[in-house]
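Down below is the structure, laid out as structure tokens.
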Amino acid sequence: MTTTTPSATGADRTPDDRFGTARKVADAVLFEGYVLYPYRASAAKNRMRWQFGVLVPPEWDHGSGEYSVQRTECLMEPRRGATLHVELRFLHAQRRSVQKARDGGEFETVERLELPRRVLVPWDEGIEERVPLSVDVAELLDGGAVLPFSRAAQTGTESLTDDAGRETGRLLRRRERLDGELRLTAAELPGPYSVVRLTAEVVNTSGWAPEPGGPADRDAALPHALISTHLMLGLTAGTFVSMTDPPQWAAAAVAECRNEHTWPVLAGDDGRDDVVLSSPIILEDHPHIAPESPGALYDATEIDEILALRTATLTEEEKREARGTDERAAAAVDLAESLPAEVMERLHGAVRGLREVTGEAAADDGFGPAPVGTDLPWWDPAADAGFDPDSDHVVIDGVRVAAGARVELRPGARRTDAQDLFVRGRAATVEAVLHDVDGLVHLAVTVDGDPGAQLRREQGRFLYFQPDEVVPLDGGTPPGALS
């Protein structure tokens with residue numbers, strides 16, 4: 001196994017262009033949950049931070065419920081002479097304390113310091129770290145590669161002044177030493193296809209341990225942890241195999257791959273399969289950021305419009321505290337305040353793929369009648385007159401499926417939702433047959449055995465699948481059996 005020494009430039013190396021699309025999503029992963037609305041350190045939801053991809057020191061691993069190793073396994077089909085480009089990314093916690101200036105040049109550590117535009121409090125800032133590596137696939141097959149990396153302890157001071165230029169206080173920042181390893185191996189799989197299983201492990205090797213009599217809690221371990229840890233993998237020649245929706249010939253090999261505390265998805269430019277993003281958050285293949293999003297609000301699973309409107313309701317005092325909490329929180333507040341009306345309108349909704357826009361004729365796919373009232377605009381309530389979700393039906397494999405029918409869920413035809421992984425193969429009951437403005441049919445279902453099924457019915461909160469994602473069970477209702 002080869003041990004690789006990082007170059008002098010280290011994390012300053014220019015990223016490979018092939019990571020362009022993946023990096024936009026990776027940025028959202030890196031800062032997912034970094035600081036949540038209402039963006040203040042005092043908010044309860046911002047007191048327990050760093051929830052994703054946390055690799056703690058080995059001494060904190062034991063019994064803590066968090067881990068020091070992250071393991072990615074995926075399949076790739078490299079061509080001769082292929083090089084694998086890898087970029088490890090994570091946040092390094094930097095602890096910030098606040099001091100107030102006293103007479104005689106002295107400073108006193110305080111819990112709160114009032115400034116004209118912001119209120120400063122102690123806080124953990126996240127410093128982005130990158131560890132790049134490029135290695136020939138042939139080298140990985142011949143024993144693998146190990147890249148040790150280290151980040152030295154650092155301290156810094158930032159002076160704080162008032163409008164007259166007088167020093168009112170200072171910020172003290174400290175970053176602890178952090179050590180780790182990136183380990184890569186590869187193995188050719190037997191069979192008629194030229195397939196290689198790639199294993200990538202990220203290991204926190206920091207030697208930190210709780211001091212005798214000192215704090216032995218998560219807060220003490222976090223400055224020595226890798227946070228929001230994820231990998232980007234790119235092939236110069238060849239492709240990766242989807243781990244979410246693999247081709248039939250690769251399904252068995254994909255099932256044997258072992259991924260721990262992360263999940264690899266395809267993330268190449270323009271839908272290409274030469275890049276994988278291994279994320280601690282479950283994603284679908286080829287994830288992307290909505291083009292309507294005007295900027296980072298640091299909670300990518302939320303809706304920008306809702307966050308912007310909520311942020312606008314904060315009082316001026318709350319905004320001052322948010323601006324003092326973190327530079328990214330201040331940017332989120334300023335962004336919400338500066339959004340013009342046309343951007344807010346764009347956030348309210350987007351129409352994509354309507355046949356009236358594309359000019360495509362409605363195809364007879366066998367999944368139900370064409371929409372009625374096509375001479376009416378889709379938003380006119382009269383356009384719904386010919387539909388009844390409780391009595392409409394769809395024919396699947398020659399079987400009539402309506403409300404009350406039982407089906408087996410087989411999602412994945414369109415990589416619709418990463419959560420489909422948990423319901424694939426489960427039996428479900430059809431609650432309604434619905435038609436959308438595109439003329440497509442959707443089945444609203446509840447999963448059999450779900451203890452919350454009755455609550456879903458009462459609230460109308462169902463799971464939705466298209467007809468080619470289910471298989472009728474119990475023979476269904478043959479066409480014509482119902483009038």
Side-chain angles (χ1 to χ4, degrees), residues 11 15 19 21-36 45-46 48-58 60-61 64-74 86-93 124 126-133 149 151 178 180-184 198-206 218 221-234 240 242-244 254 257-267 275-289 296-302 328 415 417-422:
F19 290 149
T21 298
R23 192 176 303 284
K24 296 176 183 178
V25 179
D27 286 343
V29 171
L30 186 67
F31 292 105
E32 168 63 28
Y34 177 81
V35 55
L36 302 176
K45 63 173 69 174
N46 285 318
M48 179 65 175
R49 299 173 66 210
W50 320 123
Q51 301 299 312
F52 304 103
V54 178
L55 300 186
V56 295
W60 183 246
D61 188 331
S64 69
E66 292 182 300
Y67 307 90
S68 58
V69 181
Q70 186 183 84
R71 178 189 179 95
T72 298
E73 279 195 346
C74 59
V86 183
E87 187 172 302
L88 165 65
R89 304 173 80 218
F90 60 91
L91 294 178
H92 190 176
D124 281 358
I127 305 303
E128 180 181 349
E129 301 281 6
R130 299 183 181 182
V131 180
L133 173 63
F149 59 90
R151 297 294 182 266
L178 191 152
E181 285 186 353
L182 174 58
R183 304 170 183 172
L184 300 173
L198 172 67
T199 301
E201 289 187 329
V202 182
V203 187
N204 187 333
T205 61
S206 299
R218 187 176 187 266
L222 280 176
H224 307 269
L226 285 70
I227 298 167
S228 296
T229 311
H230 59 277
L231 286 171
M232 291 188 292
L233 311 167
F240 290 93
S242 171
M243 301 294 289
T244 303
V254 164
C257 290
R258 184 159 58 94
N259 287 281
E260 298 177 351
H261 322 306
T262 189
W263 182 250
V265 296
L266 301 177
V275 170
V276 156
L277 170 61
S278 187
S279 163
I281 302 172
I282 294 179
L283 301 171
E284 61 184 0
D285 279 339
H286 301 292
H288 62 278
I289 303 298
L297 294 173
Y298 305 105
D299 192 343
T301 61
E302 274 286 0
R328 295 186 177 93
R415 305 186 182 98
D417 191 329
Q419 301 299 322
D420 291 347
L421 292 168
F422 302 112

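FYI, side chains are in, hydrogens and waters are out, and symmetry mates aren't considered; it's all heavy atoms of this structure. Treat the numbers as computed from the prediction; the structure is a model and nothing was measured.
For the pair P264 and L233, the minimum side-chain heavy-atom distance is 4.5 Å or more. Considering only heavy atoms from C-beta on, V275 stays 4.5 Å or farther from T21 through its side chain. Residues L226 and V54 form no side-chain contact, since every pair of their non-hydrogen atoms from C-beta on lies 4.5 Å or further apart. Considering only heavy atoms from C-beta on, L88 stays 4.5 Å or farther from R130 through its side chain.
More than 12 heavy atoms of other residues, nucleotides or ligands shown are found within 6.0 angstrom of NZ on K45.
H286 contributes no side-chain N or O that, together with a main-chain N or O of E284, makes up a donor-acceptor pair within less than 3.5 Å. A donor-acceptor pair under 3.5 Å is formed between the side chain of Q51 and the backbone N or O of R49. One N or O on the side chain of N204 and one on the backbone of L55 form a donor-acceptor pair closer than 3.5 Å. Without hydrogens or angle criteria, E73 side chain to R258 main chain gives a donor-acceptor distance under 3.5 Å. The main-chain N or O of L36 is found under 3.5 Å from a side-chain atom of N46 such that the two form a donor-acceptor pair.
L91 CG to I227 CD1: the interatomic distance, rounded to the nearest 0.5 Å, is 6.5 Å. Here CZ of F240 is found 8.5 Å from CG of L266. Values are rounded to the nearest 0.5 Å. Between I282 atom CD1 and F52 atom CZ the span is 10.5 Å, to the nearest 0.5 Å. Atom-to-atom distance recorded for E66:CD and H261:NE2 is 10.0 Å, nearest 0.5 angstrom.
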> Can you check side chain to side chain contact (heavy atoms under 4.5 Å, CB included) on D27 and R89, steps first, answer last?
Replying inline: CA-CA 9 Å; D27 286 343; R89 304 173 80 218; 2.6 Å; yes
>> Applying side chain to side chain contact (heavy atoms under 4.5 Å, CB included) to V29 and L283, what does each step give before you reach the verdict?
In response: CA-CA 10 Å; V29 171; L283 301 171; 4.2 Å; yes
>> Go through it in stages, so that I can follow the logic: the residues are F149 and L178, the test is side chain to side chain contact (heavy atoms under 4.5 Å, CB included), and I'd like the CA-CA distance, side-chain angles, deciding distance and then a yes or no.
In response: CA-CA 8 Å; F149 59 90; L178 191 152; 4.3 Å; yes
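What you find for N259 and T262 is that their closest heavy atoms are CB-O, 3.5 Å. In this structure, Q70 and G53 approach most closely via the heavy-atom pair NE2-CA, 4.3 Å. For the pair P280 and T229, the tightest heavy-atom approach, listed with the atom from each and the gap, is CD-O, 3.3 Å. The shortest heavy-atom contact between E129 and R151 is OE1-NE, 2.8 Å. Considering all non-hydrogen atoms of both residues, V131 and F90 come closest at CG2-CE2, 4.1 Å. Of all heavy-atom pairs spanning L182 and L231, the tightest one is CD1-CD2, 4.1 Å.
Remark: H224 engages W208 in a ring-ring contact (aromatic ring centres under 6.0 Å, His included) (not counting sequence neighbours). Every ring-ring contact (aromatic ring centres under 6.0 Å, His included) that Y34 has, sequence neighbours left out, goes to F31, W50.
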